[in-house]
Amino acid sequence: LYFGISLEDARYIGYVLSALSFGLVAFSINLILIRGFNAFEDTTLYNILMINSMTGFGAYRHPLKVRGKHYGQVHIELRSVNSRFLDVSFRMPDEVRFAEHAIREAIGKRINRGKVEIKIFIQKEPDLSSQDSGAKTNEQKLNTQLIETLKTSEALILKEFPHSNPLSVKDVLHWPGVMIQEELDQEALLEVILLALDEVLKLFMQSREIEGNSLKNVIFSKVDQMDAMIASIEPLLPKIIQSYQQKLTEKLLAVLNGL
């Protein structure tokens, strides 16, 4: 490429290369900022003051009341880590599986990307408003027919194996089917879950904003450090450029003299 060029042309090439070196500082800063912004969601140069972290956490519990009857509490936890796309995973009991699509849709309206994990737990509690008929209510919650079957089976087994341990009250209560659970209306349950989810999402977004502000301060402090480094280098630039030009000229002359 450089065969047959004059000394003045070589000098001109050296000046061009020296001028391009000024852009390396701005290019390096721009590259660092882009790498930093990629760790955040919905962040651009014009809304840098609204940085949201990709990690977040929110937890909330909402009373589970259906038609005025208290069934317990709905616990919801939401947490996320960085990811290029929105990936939602669920940990919840089977009785809530029907609401997965509605929950995923509600999350997608508020969160654009990230690996999101949602936990839902329903804590059953007795309805204190029905204490007047407590004995009757408790009897209705037990499968007495199954209890009688267990009692008969236990007597037969103990007769054949007298050294076996008898069933305890805990064993009986935890036996599948002994406790009759009243099924909740799905529409009413979904309404409560979505109300609790809305509160969780508010807390979740607040946590992301708080952490985002902390990360923003870190980035700004790094930018300030870079500004200080640039300010300390600027007085040395003329000498650095002159030295660089001299080296380029010497190399080009060496190439030309060797032809």
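Heavy-atom basis, side chains included; hydrogens, waters and symmetry copies ignored. Please read these numbers as outputs of a predicted model, since none were measured by experiment.
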Check: So do the side chains of K239 and L236 get within less than 4.5 Å of each other, counting heavy atoms only?
Finding: no
Margin query: Counting C-beta onward and ignoring hydrogens, is there a side-chain heavy-atom pair between L150 and E154 closer than 4.5 Å?
Written below: no
Item checked: I241 and Q246, any side-chain heavy atoms less than 4.5 Å apart -> no
Item checked: Considering all heavy atoms, the nearest P93-I120 contact -> CD-O, 3.1 Å
Next item on the list: Can you see which heavy atom on I118 is nearest to which on F90, and at what distance?
Entry: CG2-CD2, 3.3 Å
Margin query: Ignoring hydrogens, what is the shortest heavy-atom contact between F57 and R79? Give both atom names and the distance.
Written below: CE1-NH2, 3.2 Å
Next item on the list: Quick one: which residue pairs count as a side chain to side chain donor-acceptor pair (under 3.5 Å) with a foot in residues 85-103, not counting sequence neighbours?
Entry: D87-K115, E100-R104
Next item on the list: Could you tell me whether the side chain of R113 and the main chain of S83 form a donor-acceptor pair under 3.5 Å?
Entry: yes
Notebook entry, point to check: Above 12 or not: heavy atoms from other molecules or residues under 6.0 Å from CD of E250?
Noted result: yes
Notebook entry, point to check: Of the non-hydrogen atoms in G56 and S207, which two are nearest, and what is the gap between them?
Noted result: CA-OG, 3.5 Å
Item checked: More than 12 heavy atoms from other groups under 6.0 Å of CD on Q225 -> yes
Note to self: If hydrophobic clusters are built by linking Ile, Leu, Val, Met, Phe, Trp and Tyr wherever their side-chain heavy atoms come under 4.5 Å apart, do L195 and L197 end up in the same one?
What the structure shows: no
Notebook entry, point to check: Between NE2 of H75 and CD of Q123, what distance do you get to the nearest 0.5 Å?
Noted result: 4.0 Å
Checklist line | Side chain proximity check, V96 to V74, heavy atoms < 4.5 angstrom | finding: no
Note to self: I need the I111 CD1 to L78 CG distance, nearest 0.5 Å.
What the structure shows: 5.0 Å
Note to self: Once rounded to the nearest 0.5 Å, what's the spacing between atom CZ of F121 and atom CD of E77?
What the structure shows: 11.0 Å
Which donor-acceptor pairs under 3.5 Å do the side chains of residues 160-172 make with protein atoms, sequence neighbours left out?
from, atom 1, to, atom 2, distance (Å)
S164, OG, F161, O, 3.2
S168, OG, D171, N, 3.2
S168, OG, D171, OD2, 3.0
D171, OD2, S168, N, 3.1

Check: What is the distance from atom CG of L215 to atom CZ of R208, rounded to the nearest 0.5 Å?
Finding: 11.5 Å
Check: Between CD1 of I122 and NE2 of H62, what distance do you get to the nearest 0.5 Å?
Finding: 13.0 Å
Margin query: Restricting to non-hydrogen atoms, name the atom on L203 and the atom on G58 that form the minimum distance, rounded to 0.1 Å.
Written below: CB-CA, 4.3 Å
Next item on the list: Evaluate the side chain to side chain contact (heavy atoms under 4.5 Å, CB included) criterion for residues F98 and L189: first the C-alpha distance (whole Å), next the side-chain angles of each, then the deciding distance (0.1 Å), finally the verdict.
Entry: CA-CA 10 Å; F98 73 92; L189 179 57; 3.9 Å; yes
Check: Got a salt bridge between K202 and E199, using NZ or NE/NH1/NH2 to carboxylate O under 4.0 Å?
Finding: yes
Next item on the list: Give the intermediate values and the outcome of side chain to side chain contact (heavy atoms under 4.5 Å, CB included) for residues L86 and N112.
Entry: CA-CA 6 Å; L86 179 60; N112 296 326; over 6 Å; no
Notebook entry, point to check: So which heavy atom on A102 is nearest to which on L190, and how close?
Noted result: CB-CD1, 4.0 Å
Next item on the list: Let me see the working for T55 and E211 under side-chain hydrogen bond (donor to acceptor under 3.5 Å, both in side chains), right down to the final yes or no.
Entry: CA-CA 8 Å; T55 59; E211 187 172 349; 2.8 Å; yes
Check: Between the main-chain N or O of I240 and the side-chain N or O of S243, is there a donor-acceptor pair closer than 3.5 Å?
Finding: no
Item checked: Straight-line distance of F204 CZ to I76 CD1, nearest 0.5 Å -> 13.5 Å
